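Computed from a prediction, not measured in an experiment: that's the story for all the values here.
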Amino acid sequence: MVPLADLWLPILIATLLAFISGSILHMAVPLHRNDWKKLDDEEGVMAALRRAGAVAGNYMVPAADPQRMKDPAFLQKLAEGPSGVITIRPAGPISMGPYLLRQLVFHLIVSIVVAYLLSRTLGPGTEYL
């Protein structure tokens, strides 16, 4: 077994490579550029959400209550539409810093877990690949 402390450099390199390559791919590959559409009456919808007192959170429209899933009124709302999930962020500018920090921490945790598993299954001097 290899002590996990001896793997700090590979953990750090794996974390940085995953973070940097993921960032480059996210910016270079246009996978999600067409996922988000603008509503025709964006201002009206935003005004309606403000009047409804919507605060930051996730909402389902129409609201699904497990006891009422077969209720004809609920089924009618689904049939009439629109239906969907709405995520409302806090007011203010979007700051990418916290999102990027969480992504970096995620890559670090995954690298540590993989290093731990490999340190317990492979011995010192195991050939690459």
Quick check: closest heavy atoms across R33 and M27, and the distance to 0.1 Å? NH2-O, 2.6 Å

Do L31 and L25 share a hydrophobic cluster, counting only Ile, Leu, Val, Met, Phe, Trp and Tyr and linking them when any side-chain heavy atoms are less than 4.5 Å apart? yes

Nearest 0.5 Å, please: how far is CD1 in I11 from CG in L16? 12.0 Å

Distance check, rounded to the nearest 0.5 Å: F74 atom CZ versus L78 atom CG? 4.0 Å

If we only count heavy atoms from C-beta on, is the F19 to L100 side-chain gap below 4.5 Å? yes

Show me, pair by pair, the donor-acceptor contacts under 3.5 angstrom made by side chains of residues 104-116, not counting sequence neighbours?
from: H107; atom 1: NE2; to: Q103; atom 2: NE2; distance (Å): 3.0
from: S111; atom 1: OG; to: T15; atom 2: OG1; distance (Å): 3.2
from: S111; atom 1: OG; to: H107; atom 2: O; distance (Å): 2.9

Do V85 and Y59 have side chains that get closer than 4.5 Å, going by heavy atoms? no

Side-chain atoms of residues 60-72: list all donor-acceptor pairs with protein atoms under 3.5 Å, sequence neighbours left out, distances to 0.1 Å.
from: D65; atom 1: OD1; to: Q67; atom 2: N; distance (Å): 3.4
from: D71; atom 1: OD1; to: A73; atom 2: N; distance (Å): 3.4

Pair up each side-chain donor or acceptor in residues 35-55 with any protein partner under 3.5 Å, not counting sequence neighbours, and list the distances.
from: D35; atom 1: OD2; to: H32; atom 2: ND1; distance (Å): 2.6
from: D41; atom 1: OD1; to: G44; atom 2: N; distance (Å): 3.1

Return the CG to CG distance between L122 and L117, rounded to the nearest 0.5 Å. 10.0 Å

N58 vs I86, side chain to side chain contact (heavy atoms under 4.5 Å, CB included): CA-CA, chis, key distance, verdict: CA-CA 6 Å; N58 295 315; I86 301 170; over 6 Å; no

Does L101 share a hydrophobic cluster with I94, counting links as ILVMFWY side-chain heavy atoms below 4.5 Å and allowing steps through other members? no

